[in-house]
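One is the number of the first residue; the rest follow in order along the sequence. As the structure lists them, so they are numbered: ligands from 1, and atoms in each ligand from 1.
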Amino acid sequence: MLLHKIDEVRESIIKWKKEGLTVGLVPTMGALHNGHLSLIKKAKETCDKVVVSDFVNPIQFGPSEDFDKYPRTLDADMELCNETGVDIVFAPSANEMYGEGQRLSNDTLTYVCPPFFYVNKLCGKSRVGHFDGVCTVVLKLFNIVQPDFAFFGQKDAQQVIVIKKMVKDLNVPIKIVQCPIVREESGLALSSRNKYLSEAGKQDALVLSKILNNIKVCYNRGITDTDALKETAYGFLTDKHEMEYLEIVDKETLEDKKQADDNSIALIACRVENVRLIDNIYLKED
Ligand code: PAF
């Protein structure tokens, strides 16, 4: 069922809660791919009812980012959601989410600001304000849907960590479920932004997963110095790659590490054909 209005969603949720049913939320910006489908599948296994939100959230995009061209594929998304037995697809307008004619800024709207320590690094460093926008919309979705569980992909590792921190700090009574990255056979992590890449660009983009896999191999062979591990990336890069960051940090706290350990995660952001791609890997798989 496709719903655009908050009140309509709330009506179904209240009915389900009265019946004692559990609710799972899969927040998305649409352009659904197999990565999203894995979240929906996990939500279906875990909960009685599943809500997918499909909303390209304007307040998490910077002024020079891809908000206008971000793929919007609601009809195809609906088809996938119907096939997978999603109960509600919630696709609000920006006016519905933030108020008619509302200026989208923290001068006039209440924003959720995650702690500086968690956002002054990795993606947050170049995308200033991005995680404020993410946390604000996610908390709004949590309040609208009031799910028991919410499902996020590990692909956006910093996002999941920041959301878990928000849930803990603000006592939000929702269990966050993190699901593994889904990759193409080639190793490329699935992302809605892969749609911007040419076939040649997709080949060049394989460098991200190759660099991460190589770091993991080197770590498991005994190299723990993070500078040495990061240096192994240079052998893979060509003039087709514009590296933004490659970091090895604690997988729960995002603290920098001089020496990698079994709790470390390596994260990369790199532009290919001017498309900003991210990926990450746990150095020791759980
Ligand atoms: O990961 C995303 O697609 C978005 O950041 C999210 C969590 C749906 C919030 O808009």
Side-chain angles (χ1 to χ4, degrees), residues 3 6 9 24-40 42-43 50-62 65-74 76-77 80-81 86 88-98 104 106 109 111-114 118-119 122-124 126-145 147 149-167 170 172 174-182 189-196 267 269 275-280:
L3 299 179
I6 293 169
V9 175
L25 171 66
V26 181
T28 82
M29 297 205 297
L32 301 184
H33 51 64
N34 283 340
H36 297 111
L37 292 189
S38 76
L39 302 180
I40 292 172
K42 185 74 184 166
V50 174
V51 178
V52 170
S53 62
D54 190 318
F55 177 59
V56 185
N57 174 33
I59 70 167
Q60 70 185 71
F61 289 80
E65 292 185 351
D66 57 343
F67 173 70
D68 287 334
K69 77 165 188 178
Y70 196 86
R72 287 155 171 89
T73 58
L74 186 58
D77 295 348
L80 284 174
C81 287
V86 169
I88 290 178
V89 175
F90 174 46
S93 64
N95 280 344
E96 180 68 9
M97 282 301 273
Y98 294 114
L104 301 181
N106 60 0
L109 279 174
Y111 272 46
V112 180
C113 300
Y118 285 74
V119 299
L122 306 167
C123 293
S126 64
R127 304 191 73 190
V128 176
H130 168 69
F131 288 110
D132 298 9
V134 169
C135 284
T136 303
V137 81
V138 167
L139 189 62
K140 282 170 75 71
L141 290 167
F142 285 176
N143 285 332
I144 293 164
V145 178
F149 297 85
F151 299 81
F152 294 88
Q154 188 209 315
K155 159 98 183 339
D156 297 298
Q158 188 176 14
Q159 170 170 281
V160 189
I161 290 170
V162 165
I163 288 169
K164 281 184 180 161
K165 178 77 177 141
M166 172 183 80
V167 161
L170 300 183
V172 180
I174 294 170
K175 174 120 179 42
I176 304 301
V177 182
Q178 177 176 318
C179 302
I181 297 176
V182 179
L190 297 192
S191 161
S192 304
R193 290 189 169 96
N194 291 351
K195 286 198 165 80
Y196 302 147
L267 307 101
V275 180
R276 188 176 178 280
L277 302 170
I278 58 171
D279 199 351
N280 65 79

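- In this structure, the side chains of Met97 and Val137 come closer than 4.5 Å at one or more pairs of heavy atoms.
- Every atom of ligand 1 is numbered from 1 in the order shown, and the set under 4.0 Å from a heavy atom of Gln159 is 1 (O), 2 (C), 4 (C), 5 (O), 7 (C).
- Counting protein heavy atoms only, atom 3 (O) of ligand 1 is closest to Met29 CG, 3.6 Å.
- For the atom pair Ile6 CD1 and Leu141 CG, the distance stands at 9.0 Å (nearest 0.5 Å).
- One option in His36, Gln60, Lys140 has a heavy atom closer to atom 9 (C) of ligand 1 than any other, and that option is Gln60.
- In summary, the atoms of ligand 1 found under 4.0 Å from a heavy atom of Pro27, numbered by their order in the structure, are 8 (C).
- Taken to the nearest 0.5 Å, the CD1 atom of Ile278 stands 8.5 Å off from the CG atom of Leu267.
- Ring-plane geometry between Tyr70 and Phe61 is classed as perpendicular, the angle between the planes exceeding 60 degrees on a 0 to 90 degree scale with a lower cut at 30.
- Taking CG of Leu39 as the reference point, atom OG1 of Thr28 lies at 9.0 Å (rounded to 0.5 Å).
- Listed by number with element, the atoms of ligand 1 under 4.0 angstrom from any heavy atom of Val137 are 9 (C), 10 (O).
- Atoms of ligand 1 lying under 4.0 Å from any heavy atom of Thr28, numbered from 1 in the order shown and given with element: 8 (C).
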